[in-house]
Amino acid sequence: MNSFELADESVPLFSLSPKFILPEEKRPQLSEVTSLDSIPIIDLSERSCNDDNPSSSLVVQKISRACEEYGFFQIVNHGVPEQVCNKMVTAITDLFNLPPEKIKQLYTTDHTKNTKLYNYYLHVEGGEKVKMWSECFSHPWYPIEDVIHLLPQEIRTQYGEAFSEYAREIGSLVRRVLGLVSIGLGLEEDCLVKILGDEPRLRAQANFYPPCPDPELTLGLPVHTDLNVLTVILQSQVSGLQVIKDGKWIAVPAIPNAFVINLGDQIQVMSNGRFKSVHHRAVTNKLGPRVSMAMFYGPNSDTVIGPIEELTDEEHPPRYRSYRFSEFLEEFYNQEGSRRMVKEAFELPN
């Protein structure tokens, strides 16, 4: 195969088109990435010897430490059946393996569309846009019928069944993890879920990264933080996710039957800066395609977000002002194409 068909164009696999090549200062510098140290791996089945006090559990302690130091962690023994995850990865792979003429009707540059296939890009000097080496399929969790009817006929049943089952499992898992995060902050277990209310913003993003002829020159996804509360990432068995820690990039290994948990900007705001939402990126590789599914759980547009009152006092005054999430979204889209610094726009002066 001499080229790969993205939905909006054919790109050669033997050399990188200039539209994908980043300026030297924005390239991934893969030789400087460390794989010796990575984000914590937490076994959710671990129990504390003192089960009457949930805040003392080993799991809560490990999650709190990971949230403070990394903003990321992986979880194993999480209770989501491996078969459910495998079906989801297969459905994503089969979707992106369809001929481009089958899925190009989903392609758009209009971010207001609820269901869309699109590329990320970065603005660089001279007003140019550099495309990322990936395609992303974004849609709401529910109602899945609104998504399925837009898909090509041959993938509708497979994707619909795989996603419906997967979303049910991830919904339960997210609420469980948010409960552990709440306890770690010294709050009631249901505190964060209650703040988000009965109609949280639930988005899914399937990512596809074809093999890249020169991974040193481009990125799969640009450097960013997530705008939501919590992200659950399912990776195929090809690594590509990297997280920044103490100014250095660290690789996140693909572990069988594990999920990557990523804290979003709203957690950092609600925790008054105690728990971190950190910059991360996706890099490419020459060897083979990579897929992932990111499940985003966040506030709806009308939800008011700000530091939780119990986490502020004279010694820890509020670091952020309160805002409706719609205001945060507006700032997010205003910074499109840049290394977004959205939550920083809501910081209060010292």
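Note that this is a predicted model, so its numbers are computed, not measured.
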Is a side-chain donor or acceptor of [X] paired with a backbone partner of [Y] at a separation under 3.5 angstrom?
X	Y	answer
N272	P317	yes
H280	V278	yes
D226	N228	no
W133	P211	yes

Can you confirm whether [X] sits close enough to [Y] that some side-chain heavy atom of one is under 4.5 Å from a side-chain heavy atom of the other?
X	Y	answer
L230	L178	yes
V252	S239	no
V76	L44	no

From CA spacing to verdict: side-chain hydrogen bond (donor to acceptor under 3.5 Å, both in side chains), Q237, R290:
CA-CA 8 Å; Q237 294 308 302; R290 173 177 178 258; over 6 Å; no
Centroid-to-centroid, H279 to H224, below 6.0 Å?
no
Centre-to-centre under 6.0 Å for H139 and F163, is that the case here?
yes
Walk me through it: do E189 and K194 pass the test salt bridge (Lys or Arg N to Asp or Glu O under 4.0 Å)?
CA-CA 10 Å; E189 186 173 357; K194 276 186 173 178; over 6 Å; no
K87/E165 ion pair, N-O < 4.0 Å:
yes
With a 4.0 Å cut-off, would you call K286 and E216 a salt bridge?
no
Hey, what else clusters with F296 if you join Ile, Leu, Val, Met, Phe, Trp, Tyr whenever side-chain heavy atoms sit under 4.5 Å?
none
Could you list the residues that satisfy ring pair (Phe, Tyr, Trp, His ring centres under 6.0 Å) with Y323, not counting sequence neighbours?
F328, F346
Within 45° cone of Y121 ring axis and under 6.0 Å: K131 NZ or CZ:
no
Over-ring placement of K245 relative to Y70, 6.0 Å and 45° cut-offs
yes
Could you go through the side-chain contact (heavy atoms from CB on, under 4.5 Å) check for Y297 and V232 one step at a time?
CA-CA 8 Å; Y297 193 100; V232 179; over 6 Å; no
What I want to check is whether the side chains of D94 and Q158 have a donor and an acceptor closer together than 3.5 Å.
yes
Would you name the heavy atoms of F72 and L241 that are closest together and state the gap between them?
CE2-CD2, 4.2 Å
Check side chain to side chain contact (heavy atoms under 4.5 Å, CB included) between E330 and all other residues, then give those that pass, not counting sequence neighbours.
N334
Over 60° means perpendicular and under 30° means parallel, so tell me whether F259 and H78 are parallel, tilted or perpendicular.
tilted
For the side chain to side chain donor-acceptor pair (under 3.5 Å) test, which of K113, K116, R203 pairs with S138?
R203
Using salt bridge (Lys or Arg N to Asp or Glu O under 4.0 Å), reason through K248 and E32 one step at a time and then give a plain yes or no.
CA-CA 8 Å; K248 295 183 178 180; E32 298 177 10; over 6 Å; no
